[in-house]
Amino acid sequence: MQSDTEQAADIYDARHDTPLQRKFRRICPMPVGVVFVEWPGMTDEDIRGHFRLMKELGFTCLKGLLLCPGTDRKKVQNMALDEGLIPWWYGEGGWEFSEELLERLGIDPDTPIEEIRRNEQFLAHQEQVMRRRVDAGLMRGRSSNQPGEGEVPFSFDMDLAEGAVGAFVEWLQQTYKTVERLKEAWNYHHAGIGGPRMDFQSWDDVREGIPKLPPKEYRHFRDILRFKADVFLDRIRRRAERFREASGEAPYRAGGEMGLFLPFAARATDMEGIADLMAGSGSFYPSMHLAWHFEETGFEIAHSVYLQASLAADWFKGGWSATWESTGGPQQLSGGKGWTPEAAAETPGFTVDENVMTQLMLSYLAAGFRGFGLWCWSARTAGWEAGEYALLDRNNNVTERARQAGRIGQAARRLRDELWQARKEPIVGVFSDFDSDAMWTAASVVGREKYKTMPVEARVGAAGAFQRWNVPFEHVSGRDLRAGLAERYKVIYLPAILAMDQGLLKILHEYVRCGGRLVMDAPSGWLDEYGRLLNTDKGTLFERTFGCTICDFQYSRNVPRVLRGRTLEGFVMDLSPTDAGVTERYDDGAAAITENRLGEGTAVILGYDGSLASFERPDGEEARWLVDDALGSLESPFACEGALVYRLAAPEADHYFVINPGGRRTVSLDTRRLRYSRAEDALTCEEVNLGEGLELPCCGGRWLRLEK
């Protein structure tokens, strides 16, 4: 009989299980790619020399080519193949691979994959396939946000274009079936909402009335955002299908040029949905440029890069995710205008040396990425980004960061079979949900603009708190819970989940009853999925889960709440325990934290905005409280004072990635009850004595392989 852990692992692997993802898991691609930027005046031999140097340092493919006018792309791609580089980001992920092919080449399908990858006949066949692909050319279509013929208009906001209204009404008909059900969903019968503008009698009335909808009604904004997200998903699906039809085994990639700290629901973008589409098409990736995608966390790197990478990998559980657009060198002048006035007023400047490159690449691996795509090898020579982002220096000479990137890439390739088997073993699942985020966005329409960013800040605050205290965590979504993945986590944390879906609450109720620990903070549970006040009174599913009712949401400011000697500023709850016990009180004696025993598990309410406070003050007391209150009697399986530690568990060995966010130091990694026979440095293969401490370079890191 399988253990609960093994069952949850099977559910994890099944989340995006397709023949294509099974192929990837069999061949274990680990591309180490880089964008080559041609300089004016380069000869063919100059270009070949760069390709040979890439190969020598450990790079295996071209993430892309940026060529001068008049240069023949196909010729350059064939030159790359001549020099042993695959001219596309996906590396071996684009191999033709099937049992039929192996049998045709005289290879036993049961041959270990490491032998197949070295088989001369197999490699010769793949080279022929790639040469044909070069000759045919790859599709280079329009971006997904540009409509094709007959496609519905789309924009990254909550506006509904006039040309999209008809399609939106069709979507509403499919979703609600009848006009009466639509009116009920859009709260027509509630005071201050319903009226002549919403007294629809037919779908034609709906079509005419959409421009006049009351801005204070939330559910219709949620529906507009969901509809637009579906439009965008459909575009990506169509482009992926056309790409695959034209390119055969070449995988498609999507995700792209958006930092993952953006408020995606407000941008009508379902990133998890994009990942779902890639299950049958290719790979999911985020862009990870320091100057572009870390504005929302003050351009901080050591913590932020893992939080972004982990979110992408967690959205695509069981699938192939990687950073196919990641920085290669320093930047100071570029980075665009900035998404916010605060960010636009800053200089997006960074040092990227060999140690920072170590921070980045080890964080990618630790998060679950399987491959690298770095922008760029050689810098642009004029204008925008001239002299920036590159692994080589501004004179096109090799740097230590280029050598280190190659070393890490080669270690990842040497250990790729083990890394593809490795998984996170999270204690905590940090919950995120498109619909709740959409309700925050709806609240921003007639409220404060900042509300649309608050669910992101809460998610980052909660995940960052667990990260700082080395508690293994993973992002978990409503889709994951509906797929049965709740049992994977000892704790599920709900950070400022403004709108609680009743169907998900039923799942979470059962999760607690069967032994889980459910923790929510303020202002979670304000609304339901229709934008109505969530009923938490005695006898409701909420009250039966948490053993407590929420009497009111307040804000600690004019009447300050003091908890554990600290004056709070932020959302707080007036709690009325029914069956729950009070574990902490405010200084005025009111309940601050409650804990309810239900079946084999517990449900906890933190009556303050722990996750939002942790975003504002990531090293503050609230972040430490959040971790302690969420875990209760649980503890992390490892500890390391002074460094960030991430662990991936594989059958033969565990991999620990130890990241130093500050100055040079020596730290001690305590693996507690986890026992190992040998520890080695994954880059040098030298044995490591954990009892002597680990020396960490300034803003660098170490990768340890600990054999079981």
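Checked for salt-bridge contact, Arg131 and Glu127 meet the test: a charged N lies under 4.0 Å from a carboxylate O. A salt bridge links Arg407 with Glu400; the closest basic N to acidic carboxylate O contact falls under 4.0 Å. In summary, Glu388 and Arg380 do not engage in a salt bridge, as defined by a charged side-chain N under 4.0 Å from a carboxylate O. Arg705 and Glu707 are joined by a salt bridge, as a carboxylate oxygen and a charged side-chain nitrogen come within less than 4.0 angstrom of each other. Residues Glu272 and Arg15 are paired through a salt bridge, judged by an N-O separation under 4.0 Å between the basic side chain and the carboxylate. For Glu425 and Arg647, the salt-bridge test passes: some basic side-chain N is under 4.0 Å from an acidic carboxylate O. Using a 4.0 Å cut-off between charged nitrogen and carboxylate oxygen, Arg414 and Glu114 do not count as a salt-bridge pair. A salt bridge between Asp314 and Lys424 is present, with a side-chain N of the basic residue lying under 4.0 Å from a carboxylate O of the acidic one. With respect to the salt-bridge test (charged N to carboxylate O, under 4.0 angstrom), the residues Glu249 and Lys23 qualify.
In this model, a donor atom of one side chain and an acceptor atom of the other lie less than 3.5 Å apart for Thr297 and Ser304.
The side-chain hydrogen bond (donor to acceptor under 3.5 Å, both in side chains) check on Arg403 picks up nothing, with sequence neighbours excluded. The salt bridge (Lys or Arg N to Asp or Glu O under 4.0 Å) check on Asp270 picks up Arg226, Arg479, with sequence neighbours excluded. Among residues two or more places apart in sequence or in another chain, the side chain to side chain contact (heavy atoms under 4.5 Å, CB included) test is passed with Asp17 by Arg22, Arg25. The side-chain hydrogen bond (donor to acceptor under 3.5 Å, both in side chains) search around Asn396 returns none, not counting sequence neighbours. The salt bridge (Lys or Arg N to Asp or Glu O under 4.0 Å) search around Glu115 returns none, not counting sequence neighbours.
Trp320 and Trp420 have tilted rings, their planes meeting at an angle from 30° to 60° on a 0 to 90° scale. Ring pair Phe473/Tyr306 is perpendicular by interplanar angle, where above 60° counts as perpendicular and below 30° as parallel.
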Go through it in stages, so that I can follow the logic: the residues are Phe232 and Phe154, the test is ring-ring contact (aromatic ring centres under 6.0 Å, His included), and I'd like the CA-CA distance, side-chain angles, deciding distance and then a yes or no.
CA-CA 7 Å; Phe232 192 49; Phe154 173 85; 4.6 Å; yes

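Note on residues 26-42: pairs passing side-chain hydrogen bond (donor to acceptor under 3.5 Å, both in side chains), not counting sequence neighbours, are Glu38-Thr71.
A ring-centre distance under 6.0 Å is found for Tyr656 and Phe638.
For the pair Phe284 and Phe316, the tightest heavy-atom approach, listed with the atom from each and the gap, is CB-CD2, 3.6 Å.
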